[in-house]
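What follows is a short report on a single structure.
Naming convention: chains lettered A, B, ... in sequence-line order (proteins, then strands); numbering from 1 in each chain.
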Number of protein chains: 2
Amino acid sequence: MLAFCGQDKCSIDSSGRIKLSQRTMADFAEQPEGHVVLRCLPEGALAVYPENIYLRMRQGEPDPAEKAASSLLFRRTLRQFGALSQPDEISAQGRITLPLAYREHAGIKAGTEVVVVGVEIGLEIWSSERWAEELKRVNEHMLEKGEREMAADLVNRPNN
Amino acid sequence: MLAFCGQDKCSIDSSGRIKLSQRTMADFAEQPEGHVVLRCLPEGALAVYPENIYLRMRQGEPDPAEKAASSLLFRRTLRQFGALSQPDEISAQGRITLPLAYREHAGIKAGTEVVVVGVEIGLEIWSSERWAEELKRVNEHMLEKGEREMAADLVNRPNN
DNA sequence: TTGCATTTTGGTAAAAAATGGGTAATTATG
DNA sequence: CATAATTACCCATTTTTTACCAAAATGCAA
């Protein structure tokens with residue numbers, strides 16, 4: 001029921017772990033043994049997905065080995081998913097450890113504040129600064145789109 | 001499930017060996033044979049594939065002898081795989097020895113740091129510097145793609 | 001063939017890092 | 001304002017990593 005939504009602020013401890021809120025833990029509770037998949041997003045944040053969600057994202061190339069042998073582009077694709085995704089688990093106490101390489105990708109330093117954002121199919125973890133920028137960007141995009149909608153309404157359907 | 005993924009930093013000892021992480025060793029342990037194939041990639045890194053994956057890469061050629069007789073291009077392909085791939089094995093302690101010629105190809109000096117990268121069908125071993133460049137390139141590509149998506153969203157579907 | 005020197009391999013101990021748990025402080029709630 | 005719940009920080013334990021050393025294997029030359 002309305003899983004994975006809202007925002008939570010929380011802090012990263014010195015070994016790179018965050019404690020999830022009760023609500024968030026409940027959303028992941030169905031996962032066997034707390035297994036989830038962590039993924040680096042190009043926009044500079046980390047995503048946490050339930051395993052089945054990730055598998056659906058990654059559903060398959062028919063013959064990856066043969067393609068990898070001949071195509072550099074395809075090897076990059078494998079690299080992009082392989083290197084930037086890895087299994088992780090949520091501990092019994094609701095903590096999740098973010099590997100160093102992934103923290104660096106997301107611009108998250110140990111001891112700082114992060115924002116945990118629900119994205120309906122899973123979570124995203126943002127550094128506070130980047131999250132503020134992202135929110136701003138999304139908002140501006142929507143406004144711009146609205147402007148264009150208004151303009152189009154004038155042009156296309158003047159008698160409506 | 002989700003084998004060969006994530007990134008690990010580790011160092012090469014003075015005789016050119018690296019110690020794989022627990023997770024990586026487990027991924028190889030699931031493979032039918034203990035043998036692996038080492039391969040020099042044109043992008044300047046080394047790949048480590050389970051033997052069965054490598055065989056699948058190479059089984060695409062129906063009649064290599066006949067082709068080799070007539071095609072220079074094909075002979076170059078055979079050369080590329082023959083010379084730049086060789087069997088290797090992972091020791092009982094999870095260590096793998098990289099031959100000097102292969103290390104040089106990948107720009108890896110003894111005693112330095114390398115990054116072990118999962119690529120879903122196997123591993124890749126990169127020098128730290130080259131991996132940073134490769135990651136940057138992959139990321140910038142994805143970002144550029146994202147920007148174009150955003151732009152298209154404004155132009156194409158104003159009523160959406 | 002034999003002895004020496006060099007490289008390679010496996011093991012071990014010290015260091016570093018990850019993990020789990022507990023407690024104090026802060027925040028939310030009645 | 002008091003109580004309860006949550007959070008974050010800290011410390012002890014365990015695991016993993018790394019660097020070093022010894023034994024074995026290999027190659028070379030006398």
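- Among the atoms of the strands shown, only primed sugar atoms or phosphate atoms (P, OP1, OP2) are found under 4.0 Å from some heavy atom of A:S11.
- Closest to the side chain of B:R95, out of D:dT18, C:dG10, D:dT17, is C:dG10.
- Between the CZ atom of B:R23 and the P atom of D:dT16 there is a distance of 13 Å, given to the nearest Å.
- We find that CD1 of B:I96 is positioned 16 Å from P of D:dT18, with the value rounded to whole Å.
- Regarding contacts with the backbone of C:dT19, every side-chain N or O of A:S91 stays at 4.0 angstrom or more from both OP1 and OP2.
- The separation between B:Q93 atom CD and C:dT12 atom C1' is 10 Å, rounded to whole Å.
- Using a 4.0 Å cut-off between a side-chain N of Lys or Arg and a carboxylate O of Asp or Glu, A:E144 and A:R148 qualify as a salt bridge.
- Per the geometry, CD1 belonging to B:I12 stands 13 Å off P belonging to C:dT8, to the nearest Å.
- Atom NZ of A:K9 and atom C1' of D:dT6 are 17 Å apart (whole Å).
- Within the nucleic acid shown, A:T97 comes within 4.0 Å of sugar-phosphate atoms alone, with no base atom in reach, counting heavy atoms only.
- Here C:dT19 presents its C1' atom at 6 Å from CZ of A:R17, a figure rounded to the nearest Å.
- We find that A:R79 and B:E43 are joined by a salt bridge, their nearest charged nitrogen and carboxylate oxygen being less than 4.0 Å apart.
- The CD-P distance, from A:E89 to C:dT19, rounds to 9 Å in whole Å.
- Classification of the B:Y49-B:Y54 ring pair by plane angle, with boundaries at 30° and 60°, yields parallel.
- Shortest non-hydrogen contact noted between A:D88 and A:L38 is OD2-CD2, 3.5 Å.
- The distance from atom CG of A:D13 to atom P of C:dA17 is 15 Å, rounded to the nearest whole Å.
- Place A:S15 and A:E113 on DNA chain D by their nearest nucleotides, and A:E113 ends up nearer the 5' end.
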